[in-house]
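Below is one structure; the comments refer to it alone.
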Protein chains: 2
Amino acid sequence: MADQQESVLQERGTVRAVERALDVLLCFRTKDELGLTEISKMIGLHKSTVHRLLATLETRGFVRREQTDRYRIGWSILELTSGIYRSGDFSTVVFPEMTALRDRIGETVSLYVRSGFERIRIQAVEGIHAVRRVANIGMRFPLHIGASGKVLLAFCSEPLLDRMEEAGTFPPNFNKAEFERQLEDIRKRGYAVTFEEREAGAAAVAAPIITRQNQVSAALSVSGPIDRFSEANLERFIVACVESANLIGKVFPF
Amino acid sequence: MADQQESVLQERGTVRAVERALDVLLCFRTKDELGLTEISKMIGLHKSTVHRLLATLETRGFVRREQTDRYRIGWSILELTSGIYRSGDFSTVVFPEMTALRDRIGETVSLYVRSGFERIRIQAVEGIHAVRRVANIGMRFPLHIGASGKVLLAFCSEPLLDRMEEAGTFPPNFNKAEFERQLEDIRKRGYAVTFEEREAGAAAVAAPIITRQNQVSAALSVSGPIDRFSEANLERFIVACVESANLIGKVFPF
DNA sequence: CCGGTTGTTTCACAGTATAAAACACTGGTT
DNA sequence: AACCAGTGTTTTATACTGTGAAACAACCGG
């Protein structure tokens, strides 16, 4: 036994059928309505397999369909999200403080956490000038682009930068030495400022959220159109952002 | 083949390992931090199985853990929720209209959909007097209690009431004939009003959201402390709620 | 009426998830 | 200190169960 081929163990102690089902679910972050064959092409599985997985996901409410032939994310997902925010002081402290910061400076306030080589916006309060009302909560962004990404990277305890390089996360023209200098600067100052990095015409200030265990598990950012980030405003934004980040860090549940 | 025992086919064409993994996930709607054995007791599976499922969920970011030994819902869930709201006119029409309604009347506005024998609050805008800032989005409630539940039940195309009775959803003292009279009344009026049904001291008004396909797929409700639901206010609430529900129905994506 | 789509069902086979048991580690109790 | 009752983790043989090819059904536009 334990043949020469080792019988294709995937990684280690993980259930393949479940992985595939989760991959099916993750397809819905790109589009919110998908067909069976569409999904099977996306993840390279045979239709019948995907069909069975979808049927299973449907029994637990993770997937639903109004009209036959079109699948959508189900309501069970919502039930689970509510759990994220319910936890600890999130609703009593974190969200109110973010709102207060927004009211003080008028710009959009966002909260990011790191997940692998990316960051995820887990909460946001739109600026008073914003047109859109619902923030893109849950959206992923690169870790090496944008103020809050750099903060998360700068204050990360592990040598993440090296691992990202190995994994080929960076573009060919990426200057690692220069980037490390930037991170060192951010560590020294205690915050990051970026202009038009992630998005043209936009600027951002970000500060680390330092938990009671002295770990940086999140970043708080203030972002908006570059023309409102004048030198005078910038100073105000930095002070306010760092202050709020410190306050949130005292109760941050993660 | 096809032994007398039929080899315990679960239901039909569904993957057991995946069902179990999803059940593990659903455990997190009760508590937001769980231990391994805690989960294994909740769903009656052996520790090693749950451990493997959790490991699998972790690879895809559906579960995470800060400190060893404590599991939490992962960030992938957030990515999927954002998809729900991104869809169609949700962010451009539904949410703004709910906010406008709240601004007009000051009370909490909620949006519910039916899922099985329950209803789920899929969006909410807190009333101006509310203390809590983050609504319990994703929370489930009974279908036969509360104004929006009754609306969903009254305008449901299938004979849901009978099926719920068969399934034993109702308490022993439930008066079905009387309940059907109430539903008939709601159908006739086009809205529902309840006092202290789901919660003591609270009242609610709810109206059906009728889609372009002439189906009731959701209910819009206005709720608040019973003392603000005086006769004069009630009339205003009803008119405003029905009006907003009609408007939302014109674009409702589900 | 056909070829190109869908989504659904079936079925034999082998691969794979399973649970029991042994293991390692922690924190509290005697 | 030794103990015990909890954790989470790893390993293993066995048989259950997920797999994908192929056949099926239903739809659409040409």
Side-chain angles (χ1 to χ4, degrees), chain A residues 1-25 27-28 31 33-60 62-74 213, chain B residues 1-25 27-28 31 33-60 62-74 213:
Chain A
M1 317 67 189
D3 304 4
Q4 56 271 47
Q5 210 199 329
E6 195 60 8
S7 88
V8 181
L9 306 181
Q10 48 258 34
E11 310 207 9
R12 205 174 60 189
T14 161
V15 181
R16 203 178 60 165
V18 173
E19 285 183 330
R20 290 172 162 180
L22 298 179
D23 287 337
V24 168
L25 270 184
C27 287
F28 290 94
K31 282 182 70 181
E33 206 179 52
L34 291 168
L36 174 58
T37 35
E38 201 172 356
I39 298 174
S40 80
K41 278 175 194 159
M42 287 172 95
I43 49 182
L45 285 178
H46 288 238
K47 286 194 303 177
S48 65
T49 304
V50 175
H51 180 260
R52 212 170 330 104
L53 293 174
L54 281 168
T56 312
L57 290 167
E58 199 179 4
T59 64
R60 297 300 194 265
F62 283 77
V63 144
R64 76 200 144 92
R65 43 181 167 175
E66 325 295 321
Q67 67 204 92
T68 321
D69 297 11
R70 304 311 293 176
Y71 291 87
R72 283 169 166 273
I73 277 293
Q213 295 88 33
Chain B
M1 322 60 183
D3 303 4
Q4 56 272 48
Q5 211 198 328
E6 195 59 7
S7 87
V8 180
L9 308 180
Q10 45 257 35
E11 312 208 4
R12 204 174 58 187
T14 163
V15 181
R16 204 178 58 166
V18 173
E19 286 182 330
R20 289 172 164 181
L22 298 178
D23 287 337
V24 168
L25 270 184
C27 286
F28 289 94
K31 284 181 70 181
E33 208 180 51
L34 293 167
L36 174 59
T37 34
E38 200 172 357
I39 297 174
S40 81
K41 277 175 194 159
M42 286 171 96
I43 50 183
L45 287 178
H46 289 237
K47 286 194 302 177
S48 64
T49 304
V50 175
H51 180 260
R52 211 170 334 103
L53 294 174
L54 282 169
T56 311
L57 290 167
E58 199 179 3
T59 64
R60 297 300 194 267
F62 283 77
V63 145
R64 77 200 143 93
R65 42 180 167 173
E66 324 295 321
Q67 66 203 95
T68 321
D69 296 12
R70 304 310 294 175
Y71 291 87
R72 281 169 169 273
I73 277 294
Q213 295 89 30

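Lettering of chains follows the sequences in order, A, B, ..., and the numbering in each one begins at 1.
- Residue B/R20 has no polar side-chain atom (N or O) positioned under 4.0 Å from OP1 or OP2 of D/dT17.
- With rounding to the nearest 0.5 angstrom, the SG atom of A/C27 is 5.0 Å from the CD1 atom of A/I43.
- In this model, the phosphate group of D/dT7 is approached by a side-chain N or O of B/K41 to a distance below 4.0 Å at OP1 or OP2.
- Looking at the side chain of B/L36, the nearest of the listed nucleotides D/dG20, D/dT9, C/dT6 is D/dT9.
- Residue-level contact check: B/S48 touches the bases, meaning some heavy atom is under 4.0 Å from a base atom.
- Looking at heavy-atom distances under 4.0 Å, B/R70 makes no contact with the nucleic acid at all.
- Ion pairing between A/E58 and A/R72 fails under the 4.0 Å rule for side-chain N and carboxylate O.
- The CG-P distance, from B/L34 to D/dT7, rounds to 12 Å in whole Å.
- Residue B/T49 is in base contact, counting any heavy-atom pair closer than 4.0 Å across all strands shown.
- For the pair B/R52 and C/dT16, the criterion of a side-chain N or O lying under 4.0 Å from OP1 or OP2 is not met.
- Put simply, the side chain of A/K47 and the base of D/dG20 share no donor and acceptor less than 3.5 Å apart.
- For the pair A/I39 CD1 and D/dG20 P, the computed distance is 15 Å after rounding to whole Å.
- For A/R16 against C/dG15, no side-chain N or O and base N or O form a donor-acceptor pair under 3.5 Å.
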Wobble G-U and Watson-Crick pairs count when both distances are under 3.5 Å; given that, what is the 5' to 3' dot-bracket string of DNA chain C, with | for pairing to other strands?
|..||||||||||||||||||||.||||||

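- B/R70 pairs in a side chain to side chain contact (heavy atoms under 4.5 Å, CB included) with only one of the listed residues (B/R65, B/E33, B/R64), which is B/E33.
- Listed pair A/H51 / C/dG7 fails the phosphate criterion, with no side-chain N or O lying under 4.0 Å from OP1 or OP2.
- In this structure, B/L54 atom CG and D/dT9 atom P are separated by 9 Å, rounded to whole Å.
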